[in-house]
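Only one structure is covered here, and it is reproduced in the block below.
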Amino acid sequence: MTHLGYLLAGWGIALVVLGVYGCGVVRRGRRLAGTVPEGEDRWMTSRGENQGG
Amino acid sequence: MGNREVVQVRELFTDARLVATRDLRIEARSRVLLNQVAPFALLVLVLFGFALDADQRTLRTFAPGLFWVAVLLAALLAVQRSTSLEHADDAHTGLRLSGMAPSSVFLGKAVAVFVQLIVLETLLTMGIVVLYGSEVDDPVLLVLTAAAAAVAVATTGTLYGALASGLGARETLLPILLLPVLAPVLIGATRSFDDALGAAAVDGWAWLGLLVVFGLVATVLGALAYGAMIED
Amino acid sequence: MAHRYRGGVSVVELRGAVALLGRFPALAGVNLSVDAGETVLIQGPNGAGKTTLLRLCAGLLRPAGGEVVVLGHDLTAERRAVRRRVALLGHSTGLYGDLTVAENISFWARAAGLSAPDAESRAAAAARLMGLDQRLLSRTVNALSAGQRRRTSIAALAVRRPELWLLDEPHAGLDQAGRDAVDSLISEAVAAGATVLVSSHELERVRSLSPRVVTVAAGMVVADSSRSGPATDGDGEPGGGPGA
Amino acid sequence: MADSTTSTGSPGSRILGLTTLLGLAGLLLFAFALTEPDVRLHPTTGEEFGQFDAVRLLYLHVPMAVLTYVAFLTCAVASAGYLLKRGAWWDVTAHASAEVGTVFCGLVLVTGSIWGKPVWNTWWEWGDVRLMTTLVLFLLFTGYLALRRTPAEPQRQARRAAVVALVAVLDIPLINRSVEWWENRTLHQQSTLAELKIEDLTLFTLMLGFVVFGLVFAWLMLHRFRVGWLEQAQADRDMALAIAERHAEMETLDVDAAIGRTGGGK
């Protein structure tokens, strides 16, 4: 396969960054969810019309 | 009801003129632009000369770009000065309580910055003619470009100046917010000056059109959005 | 529409008002009702929320909870309508240092929507009231002492003839003559039918204007001289919470 | 099963996450094993030319580029929605899409640069319209996120950020136009894809790339939105706590002492 180094670098960087960012978001979510009491963190129910996607 | 709107529009411009003359009177007294910002801009031109190895041909080729980079850097200072007038002794709060429409304040402050930028551009034009040996091929295009770009920078700068005010890190935030937005102005004005100064064969008038569009959009958007910026 | 209260026309009506400074609740549920023509002294320790209370009434802050009605306008919905009718004297002077005293006063008069001739005549009157003589009028604000700036600042507000005066420690930094000028300004305003809320540590001086005294602490009204019973309307307990 | 009280996960998001991971595995399989490299023969000389295996980077690069624009457009729409409707939902959506979009945008620039080296023989091409527009866009939204991080009263923060996002997105066409006229040349093929010898499998893999990165985007948005939502809930709760704290201050406060003797006030 030609350009293997470029391919590994491109895909590697992209997947690693997305993975790290995704983990970071999930971790932030866990930390926040721990501090917000039951009932207030239900994005499905509070503040009217929202639904998380 | 048309009558009421006429009154409102007249009030808008009366108030804008009030704010503009006040800012310009303060500048006339304090001379911050003339004594500090203009020398800084000229200094930037000289520094470019040092950095580019004093090769007159190179300098002449790049004069348009160097000119507009110098204008943008000096404009940052002018905008910061314009914003700090209101925040030095919290006159800002007085303006909000005055009942003047935010659009008037925006237009007034933008006009004042515009006038100062024109002065700055005049000095810098003399600067590149003397220091870089630029020659003016098309004075009409040169003047119109300078005016259109000054409108674009003054309006965008005034809007973003208010935006970055009242925040913890306002001085450092302004450049990174403002300069990317002004990227099209830098490109357009440089290209147009390329034509006007005969530095490159391009159609400067098309670029002038782009600058005019930018200026119009920024003026309208700024007048509408300024209220959202200064409100709490 | 005006809110009727105890027979008078209510100028300021706060119910469980909450106001934030950044994320800090400087006002944590204030209940207060002020009628037209009243003079109210707001007293309280440092950090009680006096300044925030005045800024809230001026329409500068968005209420973060409760109900705030000033001059008939609900400030949760619209704050700009109130502003032209009130005057707020804050801790800063709100002046432009490079302009002269006369220029500052007439700028703020014009900014309040007065025509040029009106602005000039009212500016002259206000300057006289605050004891700013001809020599001072042509000086730039940068060349003034703190007390002179304060007088200029008050004069620049007086030109607007507001319906509601919000004075945050108006006596601070003034000499005897200046304090007297402030007192006569308040008396004149009240005589002209305006309402005055004044926060001050100069209790004895303000008392001579025989105001109603409201005590603020920890972001709430804790005592009110016009009420015989508990401080707050309704529930009576200061800790009753921000009825949000 | 842990639910939303301990994380931003929910049954729906877990299914989405699993599908995304499976999709990624599938995409890797197609991109690296099943598709052929881009090799063409010159009609007269018979020489081999084309992008060769570097084309496999496009299955990643192109979908992410499109999604970057989708993200910033979402941010602009949500910002406009916030300015008009003032709901927290709009604000949280705008912040979430800007953050995810900026991550995507950065990766588009990096992968594009890595792809450009073998194909265009340069890491960076000044004057390429899409490249420069994307770079300025990245800088604009870096500024946006910096503004978001400054401490300020939440609603004021939201309003200012909304204006910045709108200005940034309205600026895109102008940037695009100006860069296009600037150099009048672009290395980006009219469509990078039109020039490729598009085979069914190549096209399918590219479409699969759109779907899979669309899923990645949706998953990130979902969780980032929920984080923003929790932040709002926490801010509300912090305010309630702070108010309670202020009320508690009364217990320890000696008002009379602080303001001096109150005399005949009451």
Side-chain angles (χ1 to χ4, degrees), chain B residues 65 152 155-156 159-160 162-192 194-195 200-218 220-222 224-232, chain D residues 72 76 79-80 82-86 91 102 105 126-127 129 131-185:
Chain B
T155 48
T156 320
L159 179 66
Y160 273 58
L163 173 104
S165 72
L167 293 174
R170 84 177 77 138
E171 290 82 5
T172 39
L173 201 54
L174 181 64
I176 67 160
L177 286 175
L178 183 56
L179 291 179
V181 174
L182 289 178
V185 177
L186 176 64
I187 297 174
T190 301
R191 277 322 198 190
S192 189
D194 275 343
D195 187 0
V202 288
D203 180 11
W205 292 95
W207 286 106
L208 178 61
L210 182 105
L211 291 175
V212 170
V213 170
F214 191 107
L216 285 177
V217 171
V220 173
L221 200 71
L224 293 177
Y226 195 69
M229 293 285 103
I230 59 172
E231 285 298 320
D232 280 312
Chain D
F72 290 151
S79 299
Y82 180 79
L83 288 177
L84 294 175
K85 300 249 171 83
R86 294 289 151 97
D91 182 43
T102 308
C105 191
W126 287 90
V129 179
L131 185 52
M132 293 309 294
T133 307
T134 311
L135 175 65
V136 176
L137 203 54
F138 181 70
L139 294 173
L140 281 169
F141 275 88
T142 312
Y144 174 88
L145 293 178
L147 175 68
R148 280 281 191 180
R149 271 192 291 271
T150 54
E153 197 250 318
Q155 276 163 338
R156 172 195 251 211
Q157 177 88 299
R159 210 164 35 234
R160 293 181 162 192
V163 172
V164 171
L166 274 179
V167 170
V169 172
L170 285 175
D171 209 28
I172 297 176
L174 289 166
I175 297 167
N176 201 299
R177 190 104 299 246
S178 62
V179 183
E180 195 176 327
W181 289 352
W182 180 37
E183 280 303 334
N184 252 333
R185 64 194 152 102

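Just so it is clear, the model here is predicted, and its values are computed rather than measured. Letters A, B, ... are given to chains in the order of the sequence lines, protein chains preceding strands, and every chain is numbered from 1.
Side-chain contact between F214(B) and T156(B): present, with at least one pair of heavy atoms (C-beta onward) separated by less than 4.5 Å. At a threshold of 4.5 Å between non-hydrogen side-chain atoms, the residues F138(D) and T133(D) do not count as touching.
Across every non-hydrogen atom of R148(D) and Q157(D), the tightest pair is O-NE2, 3.0 Å.
Only the side chain of L170(D) comes within less than 4.5 Å of a heavy atom in chain B; its backbone stays farther off. Neither the backbone nor the side chain of A218(B) comes within contact range of chain D; no heavy atoms are under 4.5 Å apart. No part of L224(B) comes within reach of chain D, as not one of its non-hydrogen atoms sits under 4.5 angstrom from that chain. Within the 4.5 angstrom heavy-atom criterion, no atom of V217(B) approaches chain D. Heavy atoms closer than 4.5 Å to chain D are found in the side chain of A183(B), but not in its backbone.
Put simply, the side chain of R191(B) never gets that close to the backbone of W207(B): no donor and acceptor are under 3.5 Å apart.
Take Y226(B) and apply the ring-ring contact (aromatic ring centres under 6.0 Å, His included) test, not counting sequence neighbours, and it matches F106(B).
Interface remark: of the candidates L174(D), V136(D), I175(D), L137(D), L174(D) forms the most heavy-atom pairs closer than 4.5 Å to chain B.
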